[in-house]
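Reading through the structure tokens given below for one structure.
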Amino acid sequence: MDDMWKKWMGKVLSAGLMSAVLLGGYTPAEAASKNIRVALFVDTGQGYRGVVPAVTLTTEKGMDVTLVGPEGKTKLPGLGGDEARYRVDEYHLIVAESSDWNRAQQVAQQMSQRKYEGSIQVVKRSGQTVYQVVSGTYGTYQAAANQAKTVAQATGQQPSVKGPLRLEAGRFNSLKEAQDWQAIFEASGISAYPVLVGDKSKASFAVWIGDEVSQEALTALARKAAAEIPGFSYKQPSTQSYVVLKQDAYGSKSDTIWKYVFSPKVKLTVEPKKAGSVSLIGVVERDNRTYRGEMELSEYKGNLTLVNELSMEEYLYGVVGSEMAPGWPIEALKTQAVLARTRAVGTGNKYGIANLSDTVYEQAYYGYTKESKDIRKAVDDTEGEVIYYKGKIAESLFYSNAGGMTADGTEVWGNPVPYLRPVMSDDTDPLVKAKIWYLVSMADGTLGYIRSDLVRVTGGTNPVGLRQAIVSTNSTNLRSGPSTAYHRVLSTLPTGAEVTIVAEEAEENAYSWTRGPYTPAEVAGMINATQAKSNAPRVSTNLKSLRVTERGPSGRVMEMKADGTEIAVSSPDAHRSIFQQGASTLRSTKFDVEEMGTFTILGAGGKRTTYPVGSSNVQAVGANDYGSVSANGYNDQFLIYRGTDDWRVASKTQQFLFRGTGFGHGLGVSQYGAKAMAESGYDYEEILQHYYQDVTIEQ
């Protein structure tokens, strides 16, 4: 493979995450074929777990909604509009109610600031518009009541619990007739809603009253309704196939959308009406992404669940565009297409109601906006092709960057995978193209990083020969590491601030990265959190050493010890999850741990001079004399020599820096490596067979 080592560039790609340990190929329990079902919101207790109380769908030319329930399949009449919201008919909270739009907005914003959902529902009472701030869906009254107390304590509001128990007032010939009767009930102080009732192939209109939480409340409501508006039987509906129609504000008080509050016993399928060559449906709560195919809404495992069903190849258009960049070599895109198809077919029916999710728990799928002409061509040119090992579907594994060499199965899961062995991978171009940052020292001894284009090198040097520079831009951030994404701001420097350049560092990229530096106490806290989960011995917060004590065939970490105590992990790859900076874990297990910090020399006349640990033969000039100190590591002996007075080390600090290469678990195909091979003239089959051994690619 020597001829493939050439330089290339691209953007950082998402790292495909691993799945279950496999010693060979496998046959999925229920493989996806022509169509595939992708969960956008689901929680089955495993894998991706993400749900919302309501989903807002958008289209260009309106949508067709079909109800499938115990009474059969019913196409619902169109209600108009290009947007609609969907929610399961369960217990919920009315957090506040007001005829003042601004007041309702304030409460909704207050809820959002405290991480609670708060949409604004619109009702009409005696000709007046009333705004209700609605929150949540709950399977039981008690769950809703408990949340009401929590919200009350957090916001000072007094939420009331509403439920799914109602009475039917009657059936009507049209939505307008049902709405007219709704207005009559609302004018009498009785909550009422038009309802679409499914009955095989035909839907009928009804008016249901109440949002009650108990049978006693229903009985009281029936008495009140009979007294106020006689002539209806007011019986509890027997059907389970229904949609209660409510309205929500959508952006402003003058804009409303229909809200389909549907029975937990049914599912709704939503298709966009035809609009041009490609009809799309958008999901507001999924970052406003748009999708091909249809959406299915249901209650599954106690939660509102949204599934996108579409053809396999159209799904892959979105996956390849989410996992690789448009404009990459076509053979690299084909490589990703085959990998993505193998993953999709091999996943089976992982979530029960869906084959897989749209997240990197399986593979990223961000919809139509990630498509491009070259990506569609790559998918079409490899249509139906899947990776096999000894006649069974292989495990499809890919990630952003191997850091120069792919992993062995033992380095990731602790078990070998016969068709995935370490191979060289040309992944270095992100490093070559990265911007340069300076590690600088301030006059007070503070160490930090500044991007090189934000300072001006003066040409001067300090007593040890390190370059001097001044900050050339105002309000320049001094950071803990060489990136704006992962490294915290230590301080803000003004124009003209003087710094000493200690070292140069490439900006964090898909090939190389750093995390930290962390204090001994910070590292000990991370380790002890892991040790506690495994009932393993804790380490001292005054941590002295952190060592990699075993590496695998590709150089990835297999074992680590802190002050001699082995760090407990469920698998070797789990080492990268221990050391977190915010929500960010280490990018790979191909890393080293560096001990760093500063030391300060106290010289004659009380003069203090601070240098980073690792400096050698440091000159420290005192008031009337001079001396030197050697410090090649934090734990090394500080040697004092040459001087006419008492020179000594006044203080030391210690920190741990993680320095690594690669992005992802490293098992299988490196996306950057695939790009490099494609640019070197290899086709997608050759690329796949470089990273996978003894496999076939078949339709």
Side-chain angles (χ1 to χ4, degrees), residues 65 67 69-72 74-81 84 87-92 94 97-99 121-132 134 141 160-248 256-266 268:
V65 183
L67 180 152
E71 285 79 13
T74 308
K75 185 174 181 179
L76 301 182
L79 302 178
R87 187 185 289 261
V88 181
D89 190 23
E90 294 183 313
Y91 295 92
H92 57 280
I94 301 294
E97 183 175 285
S98 175
S99 59
Q121 185 170 283
V122 182
V123 297
K124 298 283 188 179
R125 290 182 185 158
S126 301
Q128 184 181 35
T129 301
V130 176
Y131 304 102
Q132 299 173 327
V134 178
Y141 170 79
S160 59
V161 178
K162 300 295 181 180
L165 304 181
R166 300 183 186 88
L167 300 172
E168 184 171 304
R171 299 286 178 101
F172 304 95
N173 295 321
S174 67
L175 175 60
K176 184 180 184 306
E177 189 177 355
Q179 287 178 304
D180 290 342
W181 277 102
Q182 175 193 17
I184 293 171
F185 281 101
E186 290 285 356
S188 298
I190 298 172
S191 296
Y193 309 99
V195 178
L196 291 170
V197 179
D199 185 8
K200 296 184 179 178
S201 61
K202 184 179 180 181
S204 60
F205 295 96
V207 170
W208 290 2
I209 62 173
D211 287 295
E212 309 308 313
V213 299
S214 68
Q215 291 298 322
E216 293 78 9
L218 272 184
T219 301
L221 177 63
R223 287 196 298 267
K224 178 180 179 180
E228 295 283 344
I229 307 174
F232 294 108
S233 59
Y234 298 115
K235 292 183 179 179
Q236 195 166 351
S238 58
T239 181
Q240 293 182 321
S241 297
Y242 66 85
V243 175
V244 179
L245 298 177
K246 301 184 180 183
Q247 289 188 311
D248 274 3
T256 60
I257 59 173
W258 285 107
K259 179 165 62 178
Y260 290 70
V261 183
F262 62 91
S263 165
K265 302 298 182 181
V266 307
L268 300 182

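Taken from CD in Glu90 to OH in Tyr141, the straight-line distance is 16.0 Å, to the nearest 0.5 Å. Between Leu218 atom CG and Leu167 atom CG the span is 5.0 Å, to the nearest 0.5 Å.
Residues Lys124 and Thr129 have side chains in contact (heavy-atom distance under 4.5 Å, counting atoms from C-beta outward). Looking only at side-chain heavy atoms (C-beta outward), Phe205 and Leu196 come within less than 4.5 Å of each other. Taking the side chain as every heavy atom from C-beta outward, Pro237 and Tyr242 never approach each other to under 4.5 Å. Side-chain contact check for Val65 versus Val243: every heavy-atom pair is 4.5 Å or farther apart. Side-chain contact check for Ile94 versus Val134: some heavy-atom pair is nearer than 4.5 Å.
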Just distance, no hydrogens or angles: give the donor-acceptor pairs under 3.5 Å from side chains in residues 178-187, sequence neighbours left out.
| from | atom 1 | to | atom 2 | distance (Å) |
| --- | --- | --- | --- | --- |
| Asp180 | OD2 | Lys176 | NZ | 3.2 |
| Gln182 | NE2 | Ala192 | O | 3.0 |
| Glu186 | OE1 | Arg125 | NE | 3.4 |
| Glu186 | OE2 | Ala192 | N | 3.1 |

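The backbone N or O of Ala203 sits nowhere less than 3.5 Å from a side-chain atom of Thr74 that would complete a donor-acceptor pair. For Ser263 (side chain) and Lys265 (main-chain N/O), a donor-acceptor pair under 3.5 Å exists by modelled atom type.
Each salt bridge (charged side-chain N to carboxylate O under 4.0 Å, His left out) pair with one or both residues in residues 218-243, not counting sequence neighbours, would appear here, but there are none. Sequence neighbours left out, the pairs with a member in residues 211-220 that pass salt bridge (charged side-chain N to carboxylate O under 4.0 Å, His left out) are Arg166-Asp211, Asp211-Lys246.
Contact between Gln132 and Glu97 at its shortest, heavy atoms only, is NE2-OE1, 2.7 Å. Across all their heavy atoms, Trp208 and Val244 have their closest contact at CE3-CG2, 4.2 Å. Closest approach of Val88 and Pro264 over heavy atoms only: CG1-CG, 3.9 Å. Closest approach of Ala225 to Ile190, counting heavy atoms only: CA-CD1, 3.8 Å.
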One pair to check against side-chain contact (heavy atoms from CB on, under 4.5 Å): Leu165 and Leu221. What are the steps and the verdict?
CA-CA 11 Å; Leu165 304 181; Leu221 177 63; over 6 Å; no
Just do the salt bridge (charged side-chain N to carboxylate O under 4.0 Å, His left out) check on Glu168 and Arg171 with the steps written out, would you?
CA-CA 8 Å; Glu168 184 171 304; Arg171 299 286 178 101; 3.0 Å; yes
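In this structure, Phe172 places its CZ atom where more than 12 heavy-atom neighbours from other residues, nucleotides or ligands lie under 6.0 Å away.
In terms of the ring-ring contact (aromatic ring centres under 6.0 Å, His included) criterion, residue partners of Tyr131 (sequence neighbours excluded) are, by chain and number, Trp101. For Ser241, the side-chain contact (heavy atoms from CB on, under 4.5 Å) test picks out Leu67, Pro70, Glu71, Thr239, Val266, with sequence neighbours left out. Residues passing the ring-ring contact (aromatic ring centres under 6.0 Å, His included) test with Tyr234 are Phe232, sequence neighbours excluded.
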